[in-house]
Colleague: 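Let me begin by handing over the structure; questions about it come next.
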2 protein chains.
Amino acid sequence: MLNKKVNEPLSDDAIVEKFNSYLKERGKRRTPERYEILNHVLAFRKQFTVDDLKQTMDNGHFRVSQATLYYTMDLLVEADILRRLSTGTNAVAFERVDNVRHIHLLCQECGKVKLVKDQNFMAYMNALRFPAFTASYYNLTVYGICNDCARRIKRLQREAKKATNQ
Amino acid sequence: MLNKKVNEPLSDDAIVEKFNSYLKERGKRRTPERYEILNHVLAFRKQFTVDDLKQTMDNGHFRVSQATLYYTMDLLVEADILRRLSTGTNAVAFERVDNVRHIHLLCQECGKVKLVKDQNFMAYMNALRFPAFTASYYNLTVYGICNDCARRIKRLQREAKKATNQ
DNA sequence: TTTACTGCAAATATTTTGCAATATC
DNA sequence: GATATTGCAAAATATTTGCAGTAAA
């Protein structure tokens with residue numbers, strides 16, 4: 001059964017509180033690094049890589065070691081705040097778990113991801129059950145091409161044809 | 001608009017032919033390595049990594065260099081035969097483009113992926129349209145836990161509790 | 001014969017790990 | 001004070017690249 005909470009995205013504050021509880025319950029320490037990382041993570045609207053995160057933290061003048069970043073990502077995944085995924089590049093990407101409420105439109109040309117909502121789809125997924133499997137989240141990624149890239153490619157093709165004819 | 005062909009998975013032979021045409025059209029060479037790689041690729045029912053592929057090829061006693069493997073994966077993706085994706089680990093995974101006809105059930109404990117069919121979902125997706133975006137494929141991954149793992153975890157918890165009480 | 005392709009080895013990129021110093025509880 | 005956590009640097013893993021030899025067209 002899909003967890004009800006998935007369908008009600010938490011506020012940033014609630015997520016911080018969730019992390020708080022997670023750390024307490026497991027006897028893990030609540031260090032400034034962890035909360036600073038979480039703050040920066042929550043500022044991302046879309047998926048991001050560890051490298052993206054590192055850069056925004058450096059810009060914010062809060063230096064954290066690579067090792068800590070990676071370790072904290074594990075915690076955030078385990079705490080059910082982030083989910084690991086990928087855009088098909090080398091680096092693993094992360095996104096907030098509650099992004100599942102959106103359909104991901106991934107342009108295969110420019111790599112950009114657009115998030116769109118579809119209430120019918122959400123309702124459909126919430127009702128869906130599977131044999132011998134308990135679902136908690138889902139991710140629907142649609143691969144294709146965005147209009148900007150489609151236009152650009154058409155233009156390039158026209159120009160290439162022109163050049164050949166001359 | 002979702003490409004009609006997506007809904008009619010090609011036979012292995014047809015895919016080889018598709019690769020053939022792709023290579024010819026682009027003036028690329030039809031080398032034994034490329035066809036041998038494609039044959040091994042088609043033997044995978046589910047997603048696989050370059051490393052998986054390398055191992056099965058080594059087992060099949062057909063040695064291909066790493067560089068060639070990676071390069072050929074690019075070709076197969078470009079030829080619209082494979083799609084890049086990820087199970088959330090470091091290595092990029094690939095799967096046949098026509099696997100989109102299935103819902104992916106990914107167990108977050110053991111990492112295994114089960115493919116299930118859902119005709120309603122397929123019909124729904126085929127009708128779906130997006131603003132400023134032309135879709136060609138989609139991937140629905142459901143994250144959760146398979147019954148085997150769920151049972152194993154419950155058992156471990158019971159045993160842990162017992163041990164504490166004693 | 002031309003040049004795309006392959007394999008090798010080295011270079012990059014990404015992530016993980018061992019360990020000493022530090023900070024939380 | 002005990003020990004989980006951090007940062008550093010090195011190791012491990014994954015992927016890309018330069019180049020010389022080979023083979024497809």
Side-chain angles (χ1 to χ4, degrees), chain A residues 16 19-41 47-58 60-79 82-94 111, chain B residues 16 19-41 47-58 60-79 82-94 111:
Chain A
V16 172
F19 191 42
N20 218 359
S21 314
Y22 164 82
L23 293 175
K24 269 193 214 164
E25 278 166 22
R26 314 256 171 155
K28 292 183 183 297
R29 295 181 181 169
R30 280 161 286 150
T31 68
E33 285 83 359
R34 290 178 175 175
Y35 287 97
E36 196 63 30
I37 289 171
L38 178 54
N39 278 338
H40 279 85
V41 159
Q47 50 189 238
F48 60 91
T49 64
V50 170
D51 197 60
D52 294 335
L53 178 59
K54 193 168 172 47
Q55 275 182 265
T56 70
M57 294 203 67
D58 285 350
H61 305 294
F62 194 101
R63 243 198 62 69
V64 192
S65 75
Q66 219 173 216
T68 301
L69 274 185
Y70 278 101
Y71 185 52
T72 307
M73 298 318 278
D74 285 348
L75 293 182
L76 291 172
V77 168
E78 168 132 341
L82 291 184
R83 195 155 46 82
R84 237 177 270 270
L85 41 84
S86 163
T87 55
T89 61
N90 305 349
V92 169
F94 296 86
Chain B
V16 172
F19 192 41
N20 218 358
S21 315
Y22 165 82
L23 293 175
K24 270 194 213 164
E25 279 167 21
R26 313 254 172 158
K28 292 182 183 299
R29 295 182 180 168
R30 279 160 286 147
T31 68
E33 284 84 358
R34 289 179 176 175
Y35 287 97
E36 196 63 30
I37 289 171
L38 179 54
N39 278 338
H40 280 86
V41 159
Q47 51 189 235
F48 60 91
T49 63
V50 171
D51 197 59
D52 294 335
L53 178 59
K54 191 168 173 46
Q55 275 181 265
T56 70
M57 294 204 65
D58 285 350
H61 304 294
F62 194 102
R63 241 197 62 69
V64 191
S65 74
Q66 220 174 215
T68 301
L69 274 185
Y70 278 101
Y71 186 51
T72 307
M73 299 318 277
D74 284 349
L75 293 182
L76 290 172
V77 169
E78 169 132 341
L82 292 184
R83 196 155 45 82
R84 237 177 270 270
L85 40 85
S86 163
T87 55
T89 61
N90 304 349
V92 169
F94 296 86

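Any value given below was found using the heavy atoms of this structure, including those in side chains, with hydrogens, waters and symmetry copies removed. Order of the sequence lines sets the chain letters (A, B, ...), proteins ahead of strands, with each chain counted from 1.
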Colleague: Please check the phosphate of D:dG7 (OP1 and OP2 only) for any side-chain N or O of A:Thr68 closer than 4.0 Å.
Modeller: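 A:Thr68 to D:dG7 OP1/OP2: side-chain N or O found under 4.0 Å.
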Colleague: Would you name the heavy atoms of B:Glu78 and B:Tyr22 that are closest together and state the gap between them?
Modeller: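 Heavy-atom minimum between the residues: CG-OH, 3.1 Å.
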Colleague: Does A:Thr72 reach the main-chain N or O of A:Thr68 with its side chain, forming a donor-acceptor pair under 3.5 Å?
Modeller: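 Judged by distance alone, yes, a pair lies under 3.5 Å.
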Colleague: How long is the line joining CG of A:Leu69 and P of D:dC8, in whole Å?
Modeller: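 Distance, rounded to whole Å: 12 Å.
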Colleague: Check the phosphate of D:dC8 against A:Arg63, side-chain N and O only, distance under 4.0 Å to OP1 or OP2. Yes or no?
Modeller: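 Yes, A:Arg63 has a side-chain N/O under 4.0 Å of OP1/OP2 on D:dC8.
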Colleague: Please report, rounded to the nearest Å, how far the C1' atom of D:dT13 is from the NZ atom of B:Lys54.
Modeller: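 For the pair B:Lys54 NZ and D:dT13 C1', the rounded distance is 14 Å.
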Colleague: Calculate the interatomic distance between A:Leu38 atom CG and D:dT5 atom C1'; express it in whole Å.
Modeller: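 About 17 Å, once rounded to whole Å.
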Colleague: Determine, for nucleotides 15-25 of chain C in 5'-to-3' order, which nucleotides have protein heavy atoms under 4.0 Å from the base (write B), from only the sugar-phosphate (write S), or from neither (write -).
Modeller: BBB-----BBS
Colleague: Grab the CD-C1' distance between B:Glu33 and C:dA4 for me, whole Å please.
Modeller: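 About 12 Å, once rounded to whole Å.
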Colleague: When you compare the side chain of B:Phe94 with that of B:Gln47, does any pair of heavy atoms fall below 4.5 Å?
Modeller: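 No, too far: nothing below the 4.5 Å cut-off.
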Colleague: D:dA25 C1' sits how many Å from B:Arg34 CZ, rounded?
Modeller: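 For the pair B:Arg34 CZ and D:dA25 C1', the rounded distance is 13 Å.
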Colleague: Check A:Arg29 against A:Leu23 and note the closest heavy-atom contact, atom names and distance.
Modeller: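 Closest pair (atom of A:Arg29, atom of A:Leu23, distance): O-CD1, 4.0 Å.
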Colleague: Using atom CZ of A:Phe48 as one end and atom P of C:dT14 as the other, report the distance to the nearest whole Å.
Modeller: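 One finds 15 Å between P of C:dT14 and CZ of A:Phe48, rounded.
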Colleague: Any side-chain heavy atom of B:Tyr71 within less than 4.5 Å of one from B:Leu69?
Modeller: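 They are not in side-chain contact.
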Colleague: Quick one: does B:Met73's side chain get under 4.5 Å of B:Leu53's, heavy atoms only?
Modeller: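 They are in side-chain contact.
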Colleague: Let me know the distance between CE of B:Met73 and P of D:dA14, rounded to the nearest Å.
Modeller: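 It is 15 Å, rounded to the nearest whole Å.
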Colleague: Please report the distance, rounded to the nearest Å, between CZ in B:Arg26 and P in D:dA25.
Modeller: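 B:Arg26 atom CZ is separated from D:dA25 atom P by 17 Å.
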